[in-house]
Amino acid sequence: MTQIRLGKTEIITNKNGFGALPIQRISYEEADALIMKAYEAGITFFDTARFYTDSEAKLGKALSERGLRQKVYIASKTMCNSTEEFWSQLETTLTNLQTDYLDLYQFHNPAFCPKPGDGTGLYEAMLEAKAQGKVRHIGITNHRLAVAHEAIESGLYETLQFPFSYLASKEEVQLVEKCKEADMGFIAMKAMGGGLITRADASYAFCAQYENVLPIWGVQRREELQQFLDCEKNPPQMDAAMKDFIAQERAELAGDFCRGCGYCMPCPAGIKINDCARMSLMIRRAPTGIYMDQAHQEDMEQIAECLHCNQCKERCPYGLDTPALLEKNLKDYREQLKK
C-alpha cells in the first residue's frame, strides 16, 4: 500500500484520498456502501465541506455507525466570513460528522489569506478551536495562485488544497515544490480536471510522481472508485506512451478552459455557468448523445439570456472572460446539434 505523509501534520495515509463532494448526489445507502468500500480497501483520508449539502452527514453516519472514527482522518472546510459564522459552521460540521474533533479544518477558498491581526478574527478563531481540541490541524484551500503563495509563505498553515492534475501549469507545479520545501501538506483537488480527464490511470500516474501530493478523488460510483484502487494494486507507469497521451491531452485541454469549480455562481440570469462554459469540451470527450437531450439544450439556450453583468467574470478565480466563453460554447453547441 502506497502511503503519504501529509507534511508537518504527520498524518500518514493512503496515497488515494476520498473526495466526498460527489456523494451529495447519491442516496445515504449508496454513499454508505461507497465509503465502506473505500475504507475496506485501505483509504483513510476523507475530505468534505460544510456546504457540500448532506455530504458531511452521510460521511458521519457511515463512519460512526461502525465505530471507525479513530481509524480515519476527516477533513472539512468552512466558507465563513465572520467569527460568528466560523463557530456556527464548525458546530454544525461536528454534529453532522458525529464527532467532537476534525483532523483537518480548512478555510474554504477565501479571497484572501486569513492571518492573525488582519481584523477579521478568523485565524484567531481557528487557533481557539485548535486549543479546545475541536481542530487538530489548520489548512486552507484555494484556486488563486497569489493566495496560495501567501499561505505557504506565512507559515500559518499545515496544508494547502489546490487544483492539481496533468493539466497543471508550471506555476501550479511550483506550488507543489514550494509546499514540499515548507514541509506543508499538498492536497490535490480536481485531479481529474473537474471531469474533463477521463483516464484514471493517467491521472494517477501523474500525481504519483509527486511524493508530497495527496489526491482526493471525487467519486460517486463503485466502478469509479475501483479504477483508483486498481491503480494502487497495479501502478500505471509514466512510460513513453503515457507521456505522449498526456501531451496530447494538454494540447487539447490546457489553457483558458472552465474547471467547473462553480465560484461564478449563482447567475442572475439562471445560466448554469459551470456546466455550460465547458460544454464544447465535454461533447468532444463523451458520447455526444449524453449532452444533446432536451434538458441540456434548454440549459445551453439560457446563455442567450446573459445580462452581461460580468459578475461571473469578476468571481472567476482563474480570470476567465466567462461571458465570452459562454457565447463560444453556445455557438459550438448549436453547430453540433446541426450535425
Side-chain angles (χ1 to χ4, degrees), residues 2 4 15-17 19 142-145 148-149 160-181 186-219 223-261 274-288 290-291 316-322 324-325 328-329 331-333 335-336:
T2 305
I4 180 174
K15 182 74 169 180
N16 280 326
N142 225 265
H143 292 252
R144 303 167 181 84
L145 283 167
H149 279 292
L160 170 67
Q161 185 172 152
F162 201 86
F164 191 66
S165 69
Y166 60 63
L167 301 178
S169 66
K170 292 181 179 178
E171 290 78 11
E172 289 161 342
V173 172
Q174 288 172 357
L175 277 184
V176 171
E177 297 168 347
K178 194 170 182 177
C179 278
K180 184 176 181 179
E181 293 172 0
F186 188 99
I187 302 169
M189 68 166 104
K190 297 190 178 297
M192 294 293 285
L196 291 177
I197 293 174
T198 57
R199 276 183 51 177
D201 61 337
S203 189
Y204 186 98
F206 175 82
C207 289
Q209 298 176 108
Y210 303 91
E211 63 180 8
N212 62 317
V213 169
L214 172 62
I216 47 171
W217 310 112
V219 295
E223 55 269 27
E224 293 172 346
L225 175 60
Q226 190 61 53
Q227 290 180 47
F228 299 109
L229 299 179
D230 290 343
C231 284
E232 184 178 12
K233 292 179 182 178
N234 298 291
Q237 300 301 306
M238 188 57 76
D239 54 20
M242 185 69 79
K243 290 178 181 178
D244 287 344
F245 171 76
I246 288 177
Q248 293 171 12
E249 289 277 280
R250 288 179 60 82
E252 178 180 352
L253 296 174
D256 290 340
F257 68 94
C258 174
R259 278 78 167 175
C261 68
N274 52 334
D275 291 333
C276 296
R278 55 184 182 154
M279 182 58 72
S280 60
L281 287 173
M282 298 300 287
I283 58 180
R284 293 206 301 269
R285 301 179 63 77
T288 304
I290 294 177
Y291 300 106
C316 179
Y318 298 96
L320 298 178
D321 185 346
T322 315
L325 195 58
K328 177 183 181 300
N329 274 265
K331 179 181 178 181
D332 291 348
Y333 188 80
E335 289 177 354
Q336 187 65 41

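As the structure is a computational prediction, the values presented were derived from the model and not from experiment. Below, all heavy atoms of this structure are taken into account, side chains as well, without hydrogens, waters or symmetry copies.
- Although no hydrogens or angles enter the test, the distance criterion places a donor-acceptor pair under 3.5 Å between the side chain of Glu172 and the main chain of Ser169.
- In this structure, NE2 on His149 lies 14.5 Å from CZ on Arg144, to the nearest 0.5 angstrom.
- At least one donor-acceptor pair closer than 3.5 Å links the side chain of Lys15 to the backbone N or O of Val213.
- Side-chain contact check for Pro163 versus Arg259: every heavy-atom pair is 4.5 Å or farther apart.
- Between Ala191 and Pro215 the shortest heavy-atom distance is CB-CB, 4.3 Å.
- Between the CG atom of Leu167 and the CD1 atom of Ile246 there is a distance of 9.0 Å, given to the nearest 0.5 Å.
- Put simply, the side chain of Glu335 reaches to within 4.5 Å of the side chain of Lys331, judged on heavy atoms.
- Residues Lys190 and Cys261 form a side-chain contact, since some pair of their non-hydrogen atoms from C-beta on lies under 4.5 Å apart.
- At distances below 3.5 Å, not a single donor-acceptor pair connects side-chain atoms of Tyr204 with backbone N or O atoms of Gln227.
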Please report the C-alpha distance between Phe186 and Tyr210 in whole Å, then the side-chain angles of each, then the deciding distance to 0.1 Å, and finally whether the ring pair (Phe, Tyr, Trp, His ring centres under 6.0 Å) criterion is met. CA-CA 10 Å; Phe186 188 99; Tyr210 303 91; 8.7 Å; no
Run the numbers on Asp332 and Gln336 for side-chain hydrogen bond (donor to acceptor under 3.5 Å, both in side chains), then give the verdict. CA-CA 6 Å; Asp332 291 348; Gln336 187 65 41; over 6 Å; no
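- Checked by atom type and distance alone, the side chain of Asn329 pairs as donor or acceptor with a backbone atom of Met279 at under 3.5 Å.
- At distances below 3.5 Å, at least one donor-acceptor pair connects side-chain atoms of Asn16 with backbone N or O atoms of Phe228.
- Rounding to the nearest 0.5 angstrom, the gap separating the OH atom in Tyr166 from the CE atom in Met192 is 7.0 Å.
- Judged by distance alone, with hydrogens and angles left aside, the side-chain atoms of Arg250 form a donor-acceptor pair with the main-chain N or O of Ala168 at under 3.5 Å.
- Counting only heavy atoms from C-beta outward, the side chains of Met282 and Leu196 approach each other to under 4.5 Å.
- Using a 4.5 Å cut-off on side-chain heavy atoms (C-beta onward), Phe164 and Val173 make contact.
- Atom CZ of residue Phe206 and atom CG of residue Asp201 lie 14.0 Å apart, to the nearest 0.5 angstrom.
- Between Cys179 and Leu160, the shortest heavy-atom contact is SG-CD2, 3.9 Å.
- Contact annotation: the side chain of Phe162 approaches that of Leu145 to within less than 4.5 Å [non-hydrogen atoms, C-beta and beyond].
- Within 6.0 Å of atom NZ in Lys178, more than 12 heavy atoms from other residues, nucleotides or ligands are found, so the atom counts as buried in its surroundings.
- Expressed to the nearest 0.5 Å, how far CD of Gln209 lies from CE of Met238 amounts to 4.0 Å.
- For Gln226, the CD atom is densely surrounded, since the number of other residues' heavy atoms within 6.0 Å is greater than 12.
- A distance of 9.5 Å separates CG in Leu175 from CD in Glu177, rounded to the nearest 0.5 Å.
- Remark: the backbone N or O of Gly194 is paired with a side-chain donor or acceptor of Arg278 at under 3.5 angstrom.
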